[in-house]
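Below is one structure, written out as structure tokens; comments come after it.
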Amino acid sequence: MTPQPEKHAPVRRRSVLGTALGGTAVAALPTTAHAGEPAPPDGPARPTGAGRPWRLRDTMTTDGSWQRFLRGQDLVWSRPPTLWYEGPFLGDGLLGSMVYLEPGANSIRFTVQHGRVQDHRPEFGSGWGTCRLPVGHLTLDPVGTITAVDWRLSLYDAELTGAVTTSAGTLTLSALVHGEVLAARVTASGGERVAWTFHPEEAISPRRIQEAPPSGYTANPAWTTRTAPDGTEQVLQPLTGGGQTATSYRRAGDDLLLSVGHSFPSGTAAEADALRNLERASSYAALRRRHTGWWHAFYRKSFVSFPDQRLQSFHWIQLYKVASASRAGGPVMATPGPWLEPTPWPAVWWNLNVQLEYWLIQGFNHPELDSLATTLRQNQEQLAANVPAAYRTDSSGIGRSSDMFADREVGQPGTGAETGDLTWALHNVWLSYRHSMDTSLLRDTIYPVLRRAINYYLHFLTPGGDGRLHLPSTLSPEYPVVPPQDTNYDLALIRWGCQTLIDSARLLAIKDELIPRWQEVLTRLTPYPVDDNGFMIGADTPYAQSHRHYSHLLMVYPLHLVNWDQPENRDLITRSVVRWHALTGAHRGYSYTGAASMYAMTGDGDTAISYLRKFFDPASRYPCRANTHYTEAGPVIETPLSASQSLHDMFCQSWGGTVRVFPAVPSAWADVTLHNFRTQGAFLVSAVRTAGVTRFIRVRSLAGEPLRLRHGLSGSVTAVLEDGTPARTRDLGDGTLAIDLLEGREVLVHSGTRPDLVIAPVAVSEPGAAWGLP
């Protein structure tokens with residue numbers, strides 16, 4: 001039976017702040033009382049502060065201010081990059097290109113890859129049958145021997161510019177990607193000339209670097225070439241499983257324009273798409289105007305500045321990177337992003353990679369980059385088809401890896417299978433809802449898909465002799481020992497999922513017949529298995545060998561079900577994180593970013609930054625690379641993006657229904673500026689910290705949600721609305737204010753006399769070299 005909303009029951013805009021948000025359930029706070037309304041039942045709200053109207057003085061409002069600031073974050077090259085993780089990278093969420101020396105040749109390679117280009121033979125699995133497929137690469141082939149480069153990747157313009165010096169002369173170049181078109185403009189001087197060559201690549205899985213094709217696999221047909229009537233060159237790649245990839249390119253004077261189309265099941269539409277993209281592009285100059293207009297508007301949605309030059313630059317490069325790799329409505333990011341290289345992971349990985357890829361878009365205030373939420377909304381039928389046939393009427397799931405359509409069957413509890421990955425991905429979509437308070441996202445995606453994902457678990461929960469509900473054997477992602485039952489990864493996701501469904505049903509005014517069952521699960525589900533070292537992998541399975549994942553710690557981070565606001569759990573959290581990192585050998589980059597975020601949750605900024613810096617230490621086994629990308633056995637995009645989220649967790653957190661400003665800033669960073677940082681509850685937070693002290697906090701409400709603000713201010717605190725009237729507040733203790741804030745209104749919170757309300761970059765106190773090869 002499909003649950004229906006109650007008749008005449010309005011969908012409420014305010015949230016139910018419960019354990020779905022992390023931590024102990026708390027009551028929703030009252031909205032602002034209007035004239036003549038009775039005070040809330042727990043006592044009158046207390047007006048705080050008074051005075052004249054105020055407004056922020058934002059110095060980051062002009063093209064010049066943004067251009068100057070972001071120029072200081074640019075990547076630069078004074079010597080030629082020889083590997084993909086050294087070179088410039090360009091992208092528009094679909095088409096991606098990396099630039100480096102052609103291996104074994106005297107040429108500059110521009111890779112040409114596309115997020116929609118994949119095979120369509122699911123019978124061979126995601127590694128081969130539905131994997132991302134390579135397209136090809138361009139080479140810029142000079143007359144003389146390449147001796148030097150002088151390049152800059154401008155973040156503000158999302159454009160590569162510079163020169164290639166050869167023994168014969170100079171090639172001056174610029175390049176960008178926009179509207180699924182790679183555009184380059186190159187001029188020659190001295191004895192040089194401009195010569196471009198497109199090299200199609202075989203349409204076979206990049207996984208072949210690790211293993212042979214599966215039995216029965218046949219190669220895709222060879223590509224063919226043709227020249228269109230207008231002189232455009234085309235490479236057409238048919239696929240055995242249906243569909244087509246088409247690459248079209250043309251030169252006009254100094255300009256080269258190239259586009260890639262992919263269609264399925266049509267075997268001809270890709271060709272028309274690629275040609276249409278070129279027609280729309282017109283010229284480098286015309287495309288550049290549209291391109292820079294998009295990027296200049298994009299950056300202005302938020303601002304952050306802190307005094308570590310190397311990390312500040314890295315942080316802004318990650319925003320550029322994720323916008324180059326993902327746009328809402330497009331394909332969910334594959335593990336290498338849109339920059340495909342030889343890799344064992346040429347698909348979408350759902351047991352950690354996807355989740356880490358998208359966290360940073362929330363604080364940066366860029367919901368328009370969320371292709372994960374749109375992927376799950378658009379592929380609900382496939383998610384249902386992924387579970388065994390006996391459960392498809394009411395359940396959904398996804399296996400460890402899939403194509404962009406989420407096509408991968410999921411194993412069954414009791415077989416040691418990995419079953420929780422869809423539920424964890426839905427937590428990301430829940431974060432998107434909480435940061436936007438977009439009810440349609442809750443109603444159309446989270447609620448129906450999460451209901452089915454939790455239903456899959458419910459089929460297998462069974463009571464034990466202790467009266468508790470237990471889950472048969474499932475895998476904690478990538479841990480080599482499978483617990484006989486009660487894997488912590490799944491127990492945490494079940495708890496989060498049941499509470500979120502109960503809260504969501506209340507928000508959507510749905511009388512769901514399963515609510516009593518979800519409540520029963522929350523009451524009777526077995527406790528998390530723990531031992532003297534903290535959280536175990538599962539029942540009878542201690543954390544006993546080094547593990548790069550923190551799948552057994554999801555209840556701590558990012559779910560915050562067990563958190564630092566619960567004093568009784570602090571020792572357990574500490575022991576668990578210490579034990580996780582005490583066993584070394586398997587740790588990877590995201591092991592350090594995860595620990596940094598966990599310590600930030602505890603308020604320990606110095607320990608948090610010490611773990612984060614391990615990711616940037618060249619002595620680490622898997623450090624951040626020269627262009628801020630990351631590789632293990634192949635490109636993996638999620639770890640640098642998660643490092644940006646670790647920085648966000650130091651600057652501002654919003655779990656458990658409380659917005660925490662500057663909760664874990666490292667002591668060495670005396671000055672930090674945030675502007676329009678987006679939090680759960682759909683608040684935009686601006687705050688300035690100077691000389692180690694928070695000077696002011698401004699919060700703007702986008703949805704009229706209850707606001708609890710942990711401000712970190714000392715002394716008498718003033719809270720005043722933008723028109724100068726006192727805000728209605730309640731002191732909740734522990735430096736936390738409940739503030740009544742209507743949708744569209746702003747509150748300024750400070751101590752002492754009103755400070756200067758200036759948003760500006762902070763001075764660098766820790767200089768560092770530019771990223772790239774400076």
Side-chain angles (χ1 to χ4, degrees), residues 91-94 96 115 298 301-302 315 317-339 345 347-379 398 401-402 404 406 420-436 438 441-442 445-446 449-450 477 493 496 500 549-551 554 557-560 589-590 593-594 597 628-630 635-649 652-655 677-680 682:
D92 64 355
L94 288 171
F298 168 82
K301 292 187 68 176
S302 64
H315 196 45
I317 293 166
Q318 301 325 294
L319 179 58
Y320 163 80
K321 184 188 294 178
V322 74
S324 300
S326 178
R327 307 284 170 86
V332 62
M333 277 186 276
T335 298
W339 302 289
W345 307 300
V348 182
W349 253 254
W350 294 90
N351 64 351
L352 175 139
N353 307 70
V354 157
Q355 291 83 353
L356 273 61
E357 288 166 2
Y358 288 91
W359 286 338
L360 80 162
I361 70 174
Q362 310 296 354
F364 264 129
N365 192 21
H366 286 288
E368 74 277 13
L369 304 181
D370 191 358
S371 56
L372 173 57
T374 52
T375 292
L376 294 183
R377 185 184 71 239
Q378 294 164 358
N379 294 286
I398 195 167
S401 60
S402 79
M404 65 180 179
D421 298 345
L422 174 59
T423 305
W424 190 9
L426 285 163
H427 178 259
N428 277 62
V429 188
W430 170 260
L431 290 176
S432 292
Y433 161 68
R434 283 290 301 157
H435 283 78
S436 66
D438 179 358
L441 185 59
L442 184 66
T445 304
I446 298 167
V449 182
L450 182 60
L493 291 168
W496 173 81
T500 299
H549 276 243
Y550 46 91
S551 48
L554 286 198
Y557 186 84
L559 301 182
H560 293 108
Y590 55 75
T593 68
S597 287
T628 80
H629 279 265
Y630 174 71
V636 269
I637 194 175
E638 82 291 320
T639 297
L641 301 183
S642 73
S644 260
Q645 180 57 36
S646 298
L647 290 167
H648 281 173
D649 288 333
C652 190
Q653 302 171 22
S654 57
W655 51 271
F677 187 99
R678 188 182 279 251
T679 73
Q680 292 190 43

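Here the structure is a predicted model, which means the values were calculated and not measured.
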Got [X] and [Y] here, is their nearest side-chain heavy-atom distance under 4.5 Å?
{"X": "Leu442", "Y": "Trp430", "answer": "yes"}
{"X": "Ser644", "Y": "Leu319", "answer": "no"}
{"X": "Leu441", "Y": "Val429", "answer": "yes"}
{"X": "Tyr557", "Y": "Asp649", "answer": "yes"}
{"X": "Leu376", "Y": "Leu422", "answer": "yes"}

Could you state the interatomic distance from [atom1] ([X]) to [atom2] ([Y]), rounded to the nearest 0.5 Å?
{"X": "Gln680", "Y": "Gln653", "atom1": "CD", "atom2": "CD", "result": "11.0 Å"}
{"X": "Gln362", "Y": "Thr679", "atom1": "CD", "atom2": "OG1", "result": "10.5 Å"}
{"X": "Trp424", "Y": "Trp496", "atom1": "CH2", "atom2": "CH2", "result": "12.0 Å"}
{"X": "Leu356", "Y": "Met333", "atom1": "CG", "atom2": "CE", "result": "10.5 Å"}

Backbone N or O of [Y] within a donor-acceptor pair of the [X] side chain at under 3.5 Å?
{"X": "Tyr630", "Y": "Gly589", "result": "yes"}
{"X": "His427", "Y": "Ala425", "result": "no"}
{"X": "Thr423", "Y": "Leu493", "result": "no"}

Residues two or more places apart in sequence or in another chain: which of them pass side chain to side chain contact (heavy atoms under 4.5 Å, CB included) with [X]?
{"X": "Arg377", "value": "Thr374, Gln380, Thr445"}
{"X": "Pro336", "value": "Ala334, Leu340, Pro635"}
{"X": "Asn428", "value": "Gln355, Tyr358, Trp359, Leu372"}
{"X": "Pro331", "value": "Leu94, Arg116, Met404"}

Side-chain donor-acceptor distances from residues 347-354 under 3.5 Å, at least two apart:
residue	atom	partner	partner atom	Å
Trp350	NE1	Ser402	OG	2.8
Asn353	ND2	Glu638	OE1	2.8

Please list, chain by chain and in numerical order, all residues satisfying ring-ring contact (aromatic ring centres under 6.0 Å, His included) with [X], sequence neighbours excluded.
{"X": "Phe677", "result": "His648"}
{"X": "His366", "result": "Phe298"}
{"X": "Trp339", "result": "Phe89, His629"}

Provide the closest heavy-atom pair for Tyr433 versus Asp438 in the form atom of the first, atom of the second, distance.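 Looking at all heavy atoms of both residues, the shortest contact is CD1-O, 3.3 Å.
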
Give me each pair satisfying salt bridge (charged side-chain N to carboxylate O under 4.0 Å, His left out) with a member in residues 361-371, each pair once, sequence neighbours excluded.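 Only Lys301-Glu368 qualify under salt bridge (charged side-chain N to carboxylate O under 4.0 Å, His left out).
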
With sequence neighbours excluded, give me every side-chain hydrogen bond (donor to acceptor under 3.5 Å, both in side chains) pair touching residues 319-328.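 Only Gln318-Lys321, Lys321-Thr628, Ser326-Ser371 qualify under side-chain hydrogen bond (donor to acceptor under 3.5 Å, both in side chains).
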
Residues which pass side-chain hydrogen bond (donor to acceptor under 3.5 Å, both in side chains) with Ser401, listed by chain and number, not counting sequence neighbours: Ser126, Arg408

Identify, with sequence neighbours excluded, every residue that meets side-chain hydrogen bond (donor to acceptor under 3.5 Å, both in side chains) alongside Asn365.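 Asn365 satisfies side-chain hydrogen bond (donor to acceptor under 3.5 Å, both in side chains) with Arg678 once adjacent residues are dropped.
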
Among side-chain atoms of Thr593 and Ser642, is any donor-acceptor pair under 3.5 angstrom? yes

